[in-house]
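Right, one structure below, let's go through it.
Computed from a predicted model, the values in this text were never measured in an experiment. Position 1 is the first residue of the sequence, and the numbers go up from there.
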Amino acid sequence: FKNKAKITEECIEIWKRAWADELISFDGQFFQIKNVTMDPKPWQKPRPPIYFGAVTELGSKRAARCTDGLYTVHLEPYPSSSIWQASMEAAIGEGERIGKDMSDFWFGSFCSCLPVAADSPWASKPKRPTLTGTSDQILEEIAEFGQVGYHHLTLHVVCDSKRRNT
């Protein structure tokens with residue numbers, strides 16, 4: 001694992017080139033490729049967007065240097081929508097440091113979501129797990145994610161038919 005960050009950065013660079021160019025050659029520290037093609041090419045031009053999953057400052061900076069977006073994960077039951085604000089700021093700062101236009105940089109996250117009925121005890125709790133509540137409560141929280149800079153949320157929606165009314 002000593003060189004995993006550098007290896008990852010080389011791999012991302014190879015993918016970018018292979019998706020955009022007909023033949024590529026690459027002479028890196030870990031990979032050497034000569035006259036290789038990757039076909040079929042993606043329909044997105046010059047290539048598909050690449051989103052990098054990270055929740056550390058170093059990973060967030062790598063996302064800014066090498067990819068088109070940062071993808072975080074909200075695993076804790078009570079995180080605020082801004083829990084990864086420092087990671088987001090680290091990505092933006094790194095992009096600015098290297099002169100990258102960050103206006104289209106993408107921020108996304110994975111979150112669990114538990115919709116409940118309005119008469120559920122979860123809906124009336126003063127402190128609810130993130131994205132737990134009625135549809136209106138969940139939509140309000142989703143809007144908070146947008147306000148702190150997220151463009152996308154992938155939701156793991158928990159639907160327990162036995163607890164339909166809870």
**Report entry** Side chain proximity check, Pro129 to Leu114, heavy atoms < 4.5 angstrom
**Finding:** no

Query raised in the report: Can we say Arg62 and Glu94 salt-bridge, meaning some charged N sits less than 4.0 Å from an Asp/Glu carboxylate O?
Result: no

**Report entry** Glu13 with Arg17: basic N within carboxylate O range, under 4.0 Å
**Finding:** yes

Report task. Determine whether Thr154 and His152 make a side-chain contact, defined as any pair of heavy atoms from C-beta on separated by less than 4.5 Å. Result -> yes

Query raised in the report: Given the rule that I, L, V, M, F, W and Y join up when any side-chain heavy atoms are under 4.5 Å apart, are Val148 and Leu155 in one cluster?
Result: yes

Query raised in the report: Is Phe110 reachable from Leu70 through a run of hydrophobic residues whose side-chain heavy atoms are each under 4.5 Å from the next?
Result: no

Query raised in the report: Shortest non-hydrogen contact from Val73 to Trp84?
Result: O-NE1, 3.0 Å

Query raised in the report: Any side-chain heavy-atom pair from Trp106 and Pro49 closer than 4.5 angstrom?
Result: no

Report task. Look at the rings of Tyr150 and His74 and say which category their plane angle falls in: under 30° parallel, 30 to 60° tilted, over 60° perpendicular. Result -> perpendicular

Query - Which atom of Ala90 lies closest to which atom of Glu57, heavy atoms considered - result: CB-CG, 3.6 Å

Query raised in the report: Between the main-chain N or O of Ala63 and the side-chain N or O of Thr67, is there a donor-acceptor pair closer than 3.5 Å?
Result: yes

Query raised in the report: Under 30°, 30 to 60°, or over 60°: which ring-plane class applies to Phe107 and His151, parallel, tilted or perpendicular?
Result: parallel

Query raised in the report: Is Phe105 reachable from Ile98 through a run of I, L, V, M, F, W or Y residues, each pair having side-chain heavy atoms under 4.5 Å apart?
Result: no

Report task. Decide yes or no for Glu22 and Lys41: does some side-chain heavy atom of the first lie under 4.5 Å from some side-chain heavy atom of the second? Result -> yes

**Report entry** Phe30 side chain near Asn3 side chain, heavy-atom distance below 4.5 Å
**Finding:** yes

Query raised in the report: Would a 4.5 Å heavy-atom cut-off, applied to side chains only, mark Ile7 and Glu9 as touching?
Result: no

Query raised in the report: Do Val55 and Phe52 belong to the same hydrophobic cluster, where Ile, Leu, Val, Met, Phe, Trp and Tyr are linked whenever their side-chain heavy atoms lie under 4.5 Å apart, directly or via other members?
Result: no

Report task. Decide side-chain contact (heavy atoms from CB on, under 4.5 Å) for Ile138 and Cys113; before the verdict, give the C-alpha distance in whole Å, the side-chain angles of both, and the deciding distance to 0.1 Å. Result -> CA-CA 8 Å; Ile138 291 170; Cys113 175; 3.7 Å; yes

Report task. Hey, could you give me the CE/CD1 distance between Met38 and Ile14, rounded to the nearest 0.5 Å? Result -> 9.0 Å

Query raised in the report: Does a salt bridge link Lys100 with Asp68, judged by any charged N lying under 4.0 Å from a carboxylate O?
Result: no

Report task. Using modelled atom types only, decide if a donor and an acceptor are shared between the side chain of Glu141 and the backbone of Thr130 within a distance under 3.5 Å. Result -> no

Query raised in the report: For Ala91 and Ala64, which heavy atoms make the closest approach, and how far apart are they?
Result: O-CB, 3.1 Å

**Report entry** Distance (rounded to the nearest 0.5 Å) between Glu10 CD and Gln32 CD
**Finding:** 7.5 Å

Query raised in the report: Which atom names give the shortest non-hydrogen contact between Lys127 and Tyr78, and what distance separates them?
Result: CE-CD2, 3.4 Å

Requested in this report: Under the side-chain contact (heavy atoms from CB on, under 4.5 Å) rule, what do Leu23 and Val36 come out as? Steps first, then yes or no, please.
Outcome: CA-CA 5 Å; Leu23 281 176; Val36 173; 6.0 Å; no

Query raised in the report: Is any side-chain heavy atom of Leu139 closer than 4.5 Å to a side-chain heavy atom of Thr134?
Result: no

**Report entry** Atom CG of Asn35 with >12 non-hydrogen neighbours under 6.0 angstrom
**Finding:** yes

**Report entry** Side chain to side chain, Trp19 and Pro46, heavy atoms closer than 4.5 Å
**Finding:** no

Query - Approximate separation, where rounding is to 0.5 Å, of Leu153 CG and Ser81 OG - result: 9.5 Å

Query raised in the report: To the nearest 0.5 Å, what is the distance between OG1 (Thr56) and NZ (Lys61)?
Result: 10.0 Å

Query - Nearest-0.5 Å distance that lies between atom SG in Cys11 and atom NZ in Lys16 - result: 12.5 Å

**Report entry** Nearest non-hydrogen partners of Gly59 and Ala54, listed with the distance
**Finding:** C-CB, 3.5 Å

Query raised in the report: Any side-chain donor-acceptor pair under 3.5 Å between Asp101 and Ser103?
Result: yes

Query raised in the report: Do other residues, nucleotides or ligands put more than 12 heavy atoms under 6.0 Å from the NZ atom of Lys4?
Result: no

Query raised in the report: Are Phe145 and Ile92 joined in one hydrophobic group, where the rule is that I, L, V, M, F, W and Y side chains link up if heavy atoms are under 4.5 Å apart?
Result: yes

Report summary line: Rounding to 0.5 Å, atoms SG (Cys66) and CH2 (Trp15) come to a distance of 11.0 Å

Report summary line: Heavy-atom closest pair (Leu131 atom, Ser112 atom, distance to 0.1 Å) is CB-O, 3.5 Å

